[in-house]
S.K.: 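So that we are looking at the same thing, I have put the structure below in structure tokens.
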Amino acid sequence: MKLRTTGGQAPNVLGGLAATFWLLVTIVPIYYILVTSLKPRQEYFGTNPLAWPEELTFAAYGRVLENDFALYFFNSALITVVTVGVVLLISLLASYVIVRNRGALAKFSHRLFLLGIAIPIQATIIPVYYLIVQMGLYDSLLALILPGIAFAIPISVLILTNFLRDIPSSLYEAMTLDGASHWQMFVQLVLPLSKPAIMAVGIYDALQVWNGFLFPLVLTQSSEVRVLPLSLWTYQGEFAVDIPAVLAAVVLSCVPILAAYIIGRRQLVAGLTAGFSK
Amino acid sequence: MSSTTVPSRPRQRRRTSTGPSTWMLAPALIFFTVFALIPLLGVAVLSLMNWDGLGTPTFAGFANWRTVFSDPVTLHAMWLTFAMTVLTYITQAPISILLGVFMAGNEKYRAVYSVLYFLPLLFSAAAVGIAFKALLDPNFGLSNAFNIPLLSQDWLGSTDLVFYVLIFVIAWCFVPFHSLLYQAGVKQIPTSMYEAAMLDGAGRVRTFFSVTLPQIKYTVITSSTLMIVGSLTYFDLVFVMTNGGPGNATRILPLDMYLTGFRSYQMGPASAIAVILVVVGLVISLLLNRLSGSDKMESQQEGA
């Protein structure tokens with residue numbers, strides 16, 4: 001019954017309303033976290049939890065920062081940088097071989113990595129724990145880095161291979177004619193051309209490592225090697241009656257990710273597109 | 001005079017096009033084998049062992065499997081995980097698809113919306129769990145906010161409500177990621193297809209079902225796989241928010257695995273639970289891949 005003109009042009013009021021509703025669902029809890037972290041302790045107990053603070057204060061942040069937060073922050077930063085650095089390098093090398101080498105081993109490895117995405121690999125935590133204990137690495141930052149690298153490989157290889165396929169083979173041929181080795185092609189061609197994908201994978205992996213909870217919970221114990229997500233959990237016990245401080249810690253733990261997101265949003269979205277939506 | 005050398009040339013070229021040597025593959029392969037594949041086999045072996053997490057594992061036969069399948073707590077956990085997989089899927093998938101389609105539009109205000117939608121992705125599951133726990137506190141949280149009876153509930157203390165609260169919080173966490181995938185998928189649909197649909201007089205709903213949805217088929221499969229496999233690993237959020245309680249109302253399988261293994265020190269039964277998770281995840285992923293009609297990953301590789 002409807003005529004042509006309704007096609008795609010009439011404003012989609014229902015869609016807009018639904019989208020705005022989800023926006024509220026997204027924003028309200030975040031607003032709550034921010035507002036509560038800026039309240040004095042006493043005000044938290046007395047007022048409407050969603051009300052703007054009557055007395056704005058950063059005292060809760062002060063209480064968190066006095067409390068070894070810097071150490072946990074440093075631990076998180078260290079494992080994130082090392083894990084992501086290694087993952088990027090070895091996944092990029094692997095993806096280069098998978099895309100450029102038609103051999104059986106390359107194909108087999110590709111399938112193996114894809115399998116890693118298809119199975120809930122966190123279910124292997126018990127043998128990983130056993131392995132880490134046997135290696136004498138329990139309760140060290142290395143205990144978080146090594147499995148962290150392994151678990152980030154599948155998704156990184158998936159995204160990178162999808163991206164590397166788009167490098168025209170004529171570029172490789174040109175370099176071959178110039179007598180370049182495969183290693184030179186990797187450094188002079190693949191590395192510079194896959195910069196956007198490297199950024200995307202780097203941010204994605206960093207997000208996973210930075211926010212990881214299960215490995216630190218199972219593989220570490222001492223506060224010297226505690227990382228941020230775990231520290232939030234322990235704060236919850238220590239500061240049971242100081243919710244503004246707990247939520248201030250939540251905010252602080254997001255700051256680097258927020259920064260990375262602001263810098264790399266475009267690449268992240270582009271990378272996800274290349275990785276998942278072809 | 002060079003007629004004899006001509007046939008050899010293509011062969012040579014083919015040899016160089018087999019590409020870089022496989023040693024470059026070795027580091028990734030070794031890491032993955034040691035910390036993912038061997039543990040994958042290890043967890044199956046450990047499910048046949050008695051082990052308290054400290055001493056030496058001893059062989060136990062199928063005793064752990066019998067324990068797991070006769071333990072009402074674990075059976076309940078299986079049911080909860082099944083319910084959680086279904087419920088999280090039917091809530092997240094439609095919201096993510098609709099949001100993704102919405103975000104793929106070109107107006108400026110949609111861009112602002114998409115930036116804001118993304119924000120939950122910045123929080124760790126631990127952070128989200130802690131924040132929602134405070135927000136849903138019966139004394140100082142939302143219940144206390146506006147004297148609205150509907151909002152004044154003991155959200156996490158009620159065995160009837162808590163499970164649905166978790167479904168909601170999980171959606172809050174993961175819808176942003178999946179709607180982002182869908183946004184990207186929709187953006188790749190050629191506009192000419194929409195113009196054709198418009199010329200044929202298709203309305204918005206018709207266009208959605210006849211153009212958009214079939215065109216994002218692979219995104220649907222990828223996103224569904226990640227959602228379903230992900231629902232087998234929701235551990236941290238549930239651990240932080242409810243620790244399985246009240247009672248066993250939210251003790252889903254991954255949490256049951258953790259509590260059995262690392263709190264009760266029964267690594268054998270815990271490994272059996274882990275094997276169940278792996279098998280279920282694998283079967284569902286393979287099924288989804290079959291359902292999609294073609295193995296997308298392979299066909300892509302062969303077409304490269």
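Small disclaimer: the values here were computed from a predicted structure and weren't measured. To find a chain, count down the sequence lines: A is the first, B the second, and so on, and within it residues start at 1.
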S.K.: Does any backbone or side-chain atom of A/Gln236 lie under 4.5 Å from a heavy atom of chain B? Answer side chain, backbone, both or neither.
M.R.: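 The side chain, not the backbone.
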S.K.: Given that the side chain runs from C-beta out, which part of B/Val34 has a heavy atom under 4.5 Å from chain A: side chain, backbone, both or neither?
M.R.: both
S.K.: Quick one: what part of A/Ile243 sits under 4.5 Å from any heavy atom of chain B, side chain, backbone, both or neither?
M.R.: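 When you check distances to chain B, only side chain atoms of A/Ile243 fall under 4.5 Å.
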S.K.: Is A/Thr20 in contact with chain B via its backbone, its side chain, both, or neither, using a 4.5 Å heavy-atom distance?
M.R.: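 Backbone plus side chain of A/Thr20, per the 4.5 Å heavy-atom cut-off to chain B.
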S.K.: Hey, what do you get for CZ (A/Arg100) to CE (B/Met24), rounding to the nearest 0.5 Å?
M.R.: 11.5 Å
S.K.: Within this structure, what is the OH-CD1 distance for the pair A/Tyr261 and A/Ile203, rounded to the nearest 0.5 Å?
M.R.: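 One gets 10.0 Å once the value is rounded to the nearest 0.5 Å.
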S.K.: Does any backbone or side-chain atom of A/Tyr235 lie under 4.5 Å from a heavy atom of chain B? Answer side chain, backbone, both or neither.
M.R.: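 Neither part; nothing is under 4.5 Å.
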S.K.: Under a 4.5 Å heavy-atom cut-off, does chain B meet the side chain of A/Tyr129, its backbone, both or neither?
M.R.: side chain
S.K.: Going by atom types only, do B/Tyr234 and B/Thr81 share a side-chain donor-acceptor pair under 3.5 Å?
M.R.: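 B/Thr81 and B/Tyr234 do not have a side-chain donor-acceptor pair below 3.5 Å.
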S.K.: Under a 4.5 Å heavy-atom cut-off, does chain A meet the side chain of B/Pro176, its backbone, both or neither?
M.R.: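 Answer is neither: B/Pro176 stays 4.5 Å or more from chain A.
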S.K.: To check you understand the geometry: which heavy-atom pair defines the closest contact between B/Ser124 and A/Leu232, and what is its length?
M.R.: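 Of all heavy-atom pairs spanning B/Ser124 and A/Leu232, the closest is OG-CD1, 4.1 Å.
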S.K.: Does any heavy atom of chain A fall under 4.5 Å from the side chain of B/Lys133, the backbone, both, or neither of them?
M.R.: side chain
S.K.: Most heavy-atom pairs under 4.5 angstrom with chain A, which of B/Ile276, B/Ile228, B/Leu122, B/Asp236?
M.R.: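 That would be B/Leu122.
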S.K.: Chain B: which of A/Ser253, A/Ala249, A/Pro229, A/Ser95 shares the most heavy-atom pairs with it under 4.5 Å?
M.R.: A/Pro229
S.K.: Counting heavy-atom pairs under 4.5 Å with chain A, which one of B/Ile216, B/Thr33, B/Thr22 comes out on top?
M.R.: B/Thr22
S.K.: Any idea which of B/Trp172, B/Phe132, B/Phe102 has the most non-hydrogen atom pairs under 4.5 angstrom with chain A?
M.R.: B/Trp172
S.K.: Is A/Leu247 close to chain B through its backbone or its side chain, or both, or neither, when contacts mean heavy atoms under 4.5 Å?
M.R.: side chain
S.K.: Is chain B contacted by the side chain of A/Ile132, its backbone, both, or neither, given a heavy-atom distance below 4.5 Å?
M.R.: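 Side chain only.
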S.K.: Could you pull out the closest heavy-atom pair between A/Pro127 and B/Pro39, with the gap in Å?
M.R.: CG-O, 3.2 Å
S.K.: Given that the side chain runs from C-beta out, which part of A/Ile153 has a heavy atom under 4.5 Å from chain B: side chain, backbone, both or neither?
M.R.: side chain
S.K.: Quick check on A/Ile33 against chain B: is it the side chain, the backbone, both or neither that has a heavy atom closer than 4.5 Å?
M.R.: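 The side chain, not the backbone.
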S.K.: Using a cut-off of under 4.5 Å on heavy-atom pairs, state which of A/Ile30, A/Val28, A/Leu131, A/Val128 scores highest against chain B.
M.R.: A/Ile30
S.K.: Answer with side chain, backbone, both or neither: which region of A/Ile117 has an atom nearer than 4.5 Å to a non-hydrogen atom of chain B?
M.R.: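 Interface part for A/Ile117: both.
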S.K.: What's the shortest heavy-atom distance between B/Leu25 and A/Val97, and which atoms?
M.R.: N-CG2, 4.1 Å
S.K.: Compare every heavy atom of B/Met103 with every heavy atom of B/Leu180, then report the nearest pair and how far apart it is.
M.R.: CD1-CE, 4.2 Å
S.K.: If we define contacts as heavy-atom pairs under 4.5 Å, which of A/Val25, A/Leu112, A/Leu146 has the most with chain B?
M.R.: A/Leu146
S.K.: Does a sphere of radius 6.0 Å around OH in A/Tyr31 hold more than 12 heavy atoms from other residues, nucleotides or ligands, not counting ones at 6.0 Å or beyond?
M.R.: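 Yes, because the 6.0 Å sphere around OH of A/Tyr31 holds more than 12 heavy atoms from other groups.
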S.K.: So for A/Trp183, is it side chain, backbone, both, or neither that comes closer than 4.5 Å to the heavy atoms of chain B?
M.R.: both
S.K.: I'd like to verify something: which residue of A/Gly15, A/Ser109, A/Ser169 has the highest number of heavy-atom pairs under 4.5 Å with chain B?
M.R.: A/Ser109
S.K.: Between A/Ala19, A/Ser156, A/Ala150, A/Gly16, who has the most heavy-atom pairs with chain B when the cutoff is under 4.5 Å?
M.R.: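 Most heavy-atom pairs under 4.5 Å with chain B: A/Ala19.
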S.K.: Side chain, backbone, both or neither: which part of A/Ile149 has a heavy atom under 4.5 Å from chain B?
M.R.: side chain
S.K.: Supply the atom-to-atom distance B/Met241 CE to B/Ile130 CD1, rounded to the nearest 0.5 angstrom.
M.R.: 11.0 Å
S.K.: Below 4.5 Å from any heavy atom of chain B, which atoms of A/Val246 appear? Answer side chain, backbone, both or neither.
M.R.: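 Answer is side chain: those atoms of A/Val246 sit under 4.5 Å from chain B.
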S.K.: As a quick check of understanding, evaluate side chain to side chain contact (heavy atoms under 4.5 Å, CB included) for A/Ile126 and B/Phe262, giving each step before the final call.
M.R.: CA-CA 9 Å; A/Ile126 294 168; B/Phe262 293 97; 4.0 Å; yes
S.K.: Could you walk me through whether B/Leu98 and A/Trp22 pass the side chain to side chain contact (heavy atoms under 4.5 Å, CB included) test, one step at a time?
M.R.: CA-CA 11 Å; B/Leu98 291 176; A/Trp22 190 260; over 6 Å; no
S.K.: Shortest non-hydrogen contact from A/Pro154 to B/Phe32?
M.R.: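 What the structure gives for the nearest pair is CG-CE1, 3.4 Å.
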S.K.: Most heavy-atom pairs under 4.5 angstrom with chain B, which of A/Ala94, A/Pro29, A/Ser91, A/Cys254?
M.R.: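 It is A/Pro29.
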S.K.: Which bit of B/Leu46 comes within less than 4.5 Å of chain A, counting heavy atoms only: side chain, backbone, both or neither?
M.R.: side chain
S.K.: Which heavy atom in B/Met257 sits nearest to a heavy atom in B/Ala274, and how many Å separate them?
M.R.: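 Result for this residue pair: SD-CB, 3.6 Å.
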S.K.: I'd like to verify something: which residue of B/Val275, B/Val279, B/Leu40, B/Thr225 has the highest number of heavy-atom pairs under 4.5 Å with chain A?
M.R.: B/Leu40
S.K.: In terms of heavy-atom pairs under 4.5 Å with chain A, which of B/Thr233, B/Leu277, B/Leu286 leads?
M.R.: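 Of B/Thr233, B/Leu277, B/Leu286, B/Thr233 has the most heavy-atom pairs under 4.5 Å with chain A.
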S.K.: Counting heavy-atom pairs under 4.5 Å to chain A, which of B/Phe168, B/Tyr194, B/Tyr109, B/Trp51 comes out on top?
M.R.: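 With the most close heavy-atom pairs to chain A, the winner is B/Trp51.
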S.K.: Considering only heavy atoms, which portion of A/Leu50 lies under 4.5 Å from any heavy atom of chain B: side chain, backbone, both, or neither?
M.R.: side chain
